[in-house]
**Student:** 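Here it is, the structure in full.
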Amino acid sequence: MDVVHSVGSFRQALEGFRADGATVGLVPTMGALHAGHESLMIRAAAECDVVAVTIFVNPLQFGDPCDLDHYPRTLADDLERCASLGVGVVFAPSVTEMYPDWPEPPSTRVSVRAEAAHWEGASRPGHFEGVATVVAKLFSIAGRSRAYFGEKDFQQLAVVRRMAADLGFPIEVVGCPTVRDLDGLALSSRNARLSADERRAATVLWRALETARVAVASGERRPAAVEALIASVVAGEPTVSLDYGAVVDADDLSVPALLDGHRPLRLIIAADVGPVRLIDNARVEVALRGTPRQLASGLVGAASGR
Ligand code: PAF
């Protein structure tokens, strides 16, 4: 496995692979790798000839300097993990390699409007601009490839898809399912910062999503009622402070007027667990009632709400 630190060497390595006829699977990360990242690398390896991992804690996407300082950095372990999974090349640049004028941010930044406007975008101003800018730079260095992102950061995935489509990168963005611990907690590099009590309390995010999923699957059609249900489950853990919990359109993350089963939906949640901000999300299907023929004709919709 090659480990490179400069933009030029990374570009050259990937051009070399492609010149030999290999397809490239790109896995952008901020390091502190866990089984969730491994699942991205494993999928990339199954679908591409060479896997390229990037490890860069991107300061541009952290509004809070304290959050950036506390972000775990475990490069030696990360490289071992990558090597054990057969990764071809790791790109681990310094901050000034990516942003030569740092601490002055780059003058050119990428901003995605609709998909980044709400939820994490509203709670963390500048976050998605930082994400879109670094991912655009990584895509422009990497060139033709497939890029693998976790669905755990569901809004990030929507932002990256939109950015790649609008800017015409020759890159297929692939979303991969969230990996969870046995108690439902979504794997995240941030979990390492939770105390034992916080770690236990953090499972309320998954419990709230599951409760909401079951309610919608059983006929709840009112988005506000789903929000209230999520809030009531989280309120059962006094150490967890809910930022938002909602059911949204899975493509543009807007809140539908009614859950009518016509568009794919997603449950999303964000909360502070002690000092750590956690996010999660889950697929949700609206209960449809009617005969198969009625459903196919669109004459009936979702089951009536409570
Ligand atoms: O999801 C992450 O780890 C980061 O946001 C990403 C996509 C690598 C950009 O820094």
Side-chain angles (χ1 to χ4, degrees), residues 7 10 25-41 43-44 51-64 67-68 70-75 77-79 81-82 87 89-99 102 105-106 109-112 115-116 119-121 123-142 145-165 167 169 171-179 186-193 268 270 276-281:
V7 167
F10 187 47
L26 181 70
V27 182
T29 81
M30 297 205 296
L33 302 181
H34 51 65
H37 297 110
E38 285 187 358
S39 74
L40 305 181
M41 296 180 212
R43 171 97 177 256
V51 178
V53 173
T54 71
I55 298 179
F56 177 59
V57 182
N58 173 32
L60 207 55
Q61 69 188 72
F62 288 81
D64 173 4
D67 195 22
L68 174 62
H70 284 100
Y71 202 84
R73 288 161 172 85
T74 56
L75 186 60
D77 286 355
D78 293 347
L79 294 179
R81 236 178 231 266
C82 290
V87 167
V89 58
V90 174
F91 175 44
S94 64
V95 174
T96 47
E97 181 64 17
M98 290 298 278
Y99 306 128
W102 196 259
R109 283 174 250 169
V110 179
S111 150
V112 175
E115 287 77 2
W119 314 118
E120 285 307 283
S123 295
R124 302 177 66 189
H127 169 67
F128 284 126
E129 185 178 271
V131 170
T133 301
V134 81
V135 174
K137 182 153 185 168
L138 292 171
F139 280 6
S140 108
I141 300 165
S145 48
R146 303 185 78 183
Y148 295 80
F149 293 85
E151 285 181 349
K152 148 85 169 45
D153 296 302
F154 194 74
Q155 191 174 6
Q156 168 174 282
L157 182 57
V159 166
V160 168
R161 277 193 207 285
R162 165 62 64 191
M163 181 276 292
L167 299 185
F169 284 108
I171 292 194
E172 185 189 341
V173 175
V174 183
C176 303
T178 301
V179 178
L187 296 195
S188 162
S189 306
R190 291 170 186 271
N191 295 353
R193 292 179 54 206
I268 57 171
V276 184
R277 181 182 177 82
L278 296 179
I279 58 173
D280 200 354
N281 67 87

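Atoms within a ligand are numbered from 1 in the order they appear, just like the ligands themselves. All residue numbers refer to positions in the sequence shown, counting from 1. As the structure is a computational prediction, the values presented were derived from the model and not from experiment. Both backbone and side-chain heavy atoms feed into the values below; hydrogens, waters and symmetry mates do not.
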**Student:** Report the nearest protein non-hydrogen atom to atom 5 (O) of ligand 1: residue, atom name, distance rounded to 0.1 Å.
**Tutor:** Gln156 OE1, 2.7 Å
**Student:** Side chains of Ile279 and Lys152: does their closest heavy-atom pair fall under 4.5 Å?
**Tutor:**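 They are in contact (side-chain heavy atoms under 4.5 Å apart), so the answer is yes.
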**Student:** For the residue pair Tyr148 and Val53, establish whether any side-chain heavy-atom pair is separated by less than 4.5 Å.
**Tutor:**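 A side-chain contact is absent here, since even the closest heavy-atom pair is not under 4.5 Å.
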**Student:** Can you figure out which of Met30, Gln61, Lys137 has its heavy atom closest to atom 9 (C) of ligand 1?
**Tutor:**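 Closest candidate by heavy-atom distance is Gln61.
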**Student:** Without placing hydrogens or testing angles, list every side-chain donor-acceptor pair under 3.5 Å for residues 128-138, not counting sequence neighbours.
**Tutor:**
| residue | atom | partner | partner atom | Å |
| --- | --- | --- | --- | --- |
| Thr133 | OG1 | Val110 | N | 2.8 |
| Thr133 | OG1 | Glu129 | O | 2.6 |
| Lys137 | NZ | Met98 | O | 2.7 |

**Student:** Enumerate the atoms of ligand 1 whose separation from the nearest heavy atom of Val134 is less than 4.0 angstrom.
**Tutor:**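 Close to Val134: 9 (C), 10 (O).
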**Student:** Taking side chain as C-beta onward, heavy atoms only, is Phe10 less than 4.5 Å from Thr54?
**Tutor:** yes
**Student:** Which pairs pass salt bridge (Lys or Arg N to Asp or Glu O under 4.0 Å) with one or both residues in residues 153-165, sequence neighbours excluded?
**Tutor:**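 Applying salt bridge (Lys or Arg N to Asp or Glu O under 4.0 Å) to every pair that reaches into residues 153-165, excluding sequence neighbours, yields Glu115-Arg162, Arg162-Asp166.
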**Student:** For Thr29, counting its heavy atoms only, list the atoms of ligand 1 lying under 4.0 Å from any of them.
**Tutor:** 8 (C)
**Student:** From atom 8 (C) of ligand 1, work out which of Gly31, Pro28, Ser188 has a heavy atom at the shortest distance.
**Tutor:** Pro28
